[in-house]
Amino acid sequence: LCLWDIETEAPYYIHGSNRNVFDVTFNPIRSGKPMFAAGCVAAGSNVNRGTRSTVRLYDVRADKFTCPLEFECAALDINDLIWCPHDEDLIAVGCTDGRAYVWDARWPDDPLRILSHSRSLMPLQEGIKHEITDTGVRFLSWGENATRLYSGSSDGVVKVWDVTRAEENTFIKDLITCDSG
């Protein structure tokens, strides 16, 4: 993970930047939360607790970037990472396990919601866990406000979710159904 000052052409020091990075997104609001987030491979003692990937939020302190907050994710790989443009406490990731995970930074210990899609329409290899060989959730977009999240997966469906409703009422509808992932 590298970041440069474009005026001085000097790299910034980013603490803990030596992990494999899946995706990066910048905070579109930036009023009080960290500057950017990176979806990374889990490392250290987190792996022993079932964490397989992490979302690390970075902010600048004393001329270096540190990670004041990290979300633990059970998915093997993160495809998309998206910060809510309406509420900087909400961050979502789309993963190869066919799920989207949503966190609220005010309660970072567990995902706010885990949003599931169905099995892939075109699995690459039968008999192998689909999160290893499949793309899973490859599209995420926040809607017109912080309640609406759209996700598209290799099941060929774009789903609409309301992440502020009770868990059993989070799913709104299938927006589009295709015959291909």
Side-chain angles (χ1 to χ4, degrees), residues 21-42 50-59 67-123 129-131 134-181:
V21 175
F22 301 121
D23 197 14
V24 174
T25 187
F26 282 85
N27 183 342
I29 300 172
R30 186 84 167 103
S31 66
K33 299 296 178 197
M35 181 180 283
F36 69 95
C40 306
V41 170
T51 300
R52 299 166 76 199
S53 57
T54 60
V55 176
R56 297 173 56 92
L57 280 63
Y58 287 93
D59 210 0
C67 176
L69 187 58
E70 182 174 86
F71 305 132
E72 298 177 356
C73 186
L76 182 63
D77 290 324
I78 294 172
N79 290 321
D80 280 337
L81 171 60
I82 185 166
W83 213 309
C84 181
H86 312 289
D87 182 345
E88 67 182 332
D89 284 311
L90 297 175
I91 293 179
V93 297
C95 299
T96 57
D97 65 357
R99 295 182 180 103
Y101 297 78
V102 181
W103 285 272
D104 187 320
R106 293 167 289 211
W107 303 283
D109 292 337
D110 295 304
L112 174 67
R113 293 287 177 271
I114 299 174
L115 312 171
S116 295
H117 277 260
S118 299
R119 290 188 47 82
S120 175
L121 292 176
M122 300 180 314
K129 287 178 133 183
H130 82 161
E131 74 174 318
D134 196 11
T135 55
V137 176
R138 283 292 300 140
F139 167 76
L140 284 177
S141 180
W142 288 98
E144 62 279 358
N145 56 50
T147 68
R148 287 291 186 271
L149 181 67
Y150 299 85
S151 64
S153 183
S154 58
D155 65 355
V157 181
V158 175
K159 295 182 177 286
V160 183
W161 310 91
D162 183 334
V163 299
T164 62
R165 288 185 177 181
E167 191 169 347
E168 63 274 8
N169 297 321
T170 303
F171 173 73
I172 301 296
K173 66 180 179 178
D174 290 343
L175 183 65
I176 299 168
T177 301
C178 303
D179 59 2
S180 172

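Residues take their numbers from the sequence shown, with the count starting at 1. The figures that follow rest on heavy atoms only: side chains count, while hydrogens, waters and symmetry mates do not.
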Atom NZ in Lys159, atom CG in Leu175: separation rounded to 0.5 Å? 11.0 Å
Distance-only, no hydrogens or angles: does the Ser53 side chain make a donor-acceptor pair with backbone N or O of Ala75 under 3.5 Å? yes
Interatomic spacing from SG in Cys95 to CG in Leu76 - rounded to 0.5 Å: 9.5 Å
Distance-only, no hydrogens or angles: does the Asp77 side chain make a donor-acceptor pair with backbone N or O of Thr96 under 3.5 Å? no
Taking Gly136's backbone N and O only, do any of them form a donor-acceptor pair with Ser153's side chain (distance below 3.5 Å, no angle check)? yes
Without placing hydrogens or testing angles, list every side-chain donor-acceptor pair under 3.5 Å for residues 166-173, not counting sequence neighbours.
unit_1	atom_1	unit_2	atom_2	d
Thr170	OG1	Arg113	NE	3.0
Thr170	OG1	Ala166	O	3.2
Thr170	OG1	Glu167	O	3.1

Nearest non-hydrogen partners of Gly98 and Val137, listed with the distance: C-CG2, 3.6 Å
May I have the step-by-step check of side chain to side chain contact (heavy atoms under 4.5 Å, CB included) for Phe71 and Leu57, ending in yes or no? CA-CA 8 Å; Phe71 305 132; Leu57 280 63; 3.6 Å; yes
Carboxylate-amine/guanidinium proximity below 4.0 Å for Arg148 and Asp162: yes
Does the pair Arg56 and Tyr58 meet the rule for a side-chain hydrogen bond (donor to acceptor under 3.5 Å, both in side chains), with working shown? CA-CA 6 Å; Arg56 297 173 56 92; Tyr58 287 93; 2.9 Å; yes
Between Thr135 and Ser154, the two heavy atoms sitting closest are OG1-CB, 3.5 Å
Leu81/Phe22 under side chain to side chain contact (heavy atoms under 4.5 Å, CB included): CA gap, chis, key distance, verdict: CA-CA 9 Å; Leu81 171 60; Phe22 301 121; over 6 Å; no
Begin from the C-alpha positions of Val55 and Trp103 and carry the test side chain to side chain contact (heavy atoms under 4.5 Å, CB included) through to its verdict. CA-CA 10 Å; Val55 176; Trp103 285 272; 4.0 Å; yes
State, to 0.1 Å, how close Thr164 and Ala146 come at their nearest heavy-atom pair, and which atoms those are. CG2-O, 4.5 Å
How long is the straight-line distance from CH2 of Trp142 back to CD1 of Ile91, given to the nearest 0.5 Å? 9.5 Å
Find the distance between CG (Leu115) and CG (Leu140) and round it off to the nearest 0.5 Å. 8.5 Å
Sole candidate of Asp104, Leu149, Leu90, Val163 that passes side-chain contact (heavy atoms from CB on, under 4.5 Å) when paired with Cys84: Leu90
Hits for side chain to side chain contact (heavy atoms under 4.5 Å, CB included) against Ile29, two or more places apart or cross-chain, chain-then-number order -> Asn27, Ser31, Glu88
All salt bridge (charged side-chain N to carboxylate O under 4.0 Å, His left out) counterparts of Asp80, not counting sequence neighbours: Arg138
Taking the side chain as every heavy atom from C-beta outward, state whether Ser151 and Phe139 have any atom pair closer than 4.5 Å. no
Are His86 and Asn145 linked by a side-chain donor-acceptor pair shorter than 3.5 Å? no
Nearest 0.5 Å please: distance from the CZ atom of Phe36 over to the CH2 atom of Trp83. 9.5 Å
How close do Gly39 and Ile78 get, heavy atom to heavy atom, and via which atoms? CA-CD1, 3.9 Å
Nearest 0.5 Å please: distance from the NZ atom of Lys33 over to the CG atom of Asp89. 4.0 Å
Nearest heavy atoms of Glu70 and Cys67, plus distance in Å: CB-SG, 4.3 Å
How far apart are the C-alpha atoms of Asp97 and Arg52, what are their side-chain angles, what is the distance that settles it, and do they pass the side chain to side chain contact (heavy atoms under 4.5 Å, CB included) test? CA-CA 12 Å; Asp97 65 357; Arg52 299 166 76 199; over 6 Å; no
Between Arg99 and Ile114, what is the shortest heavy-atom contact and its length? CD-CG2, 3.4 Å
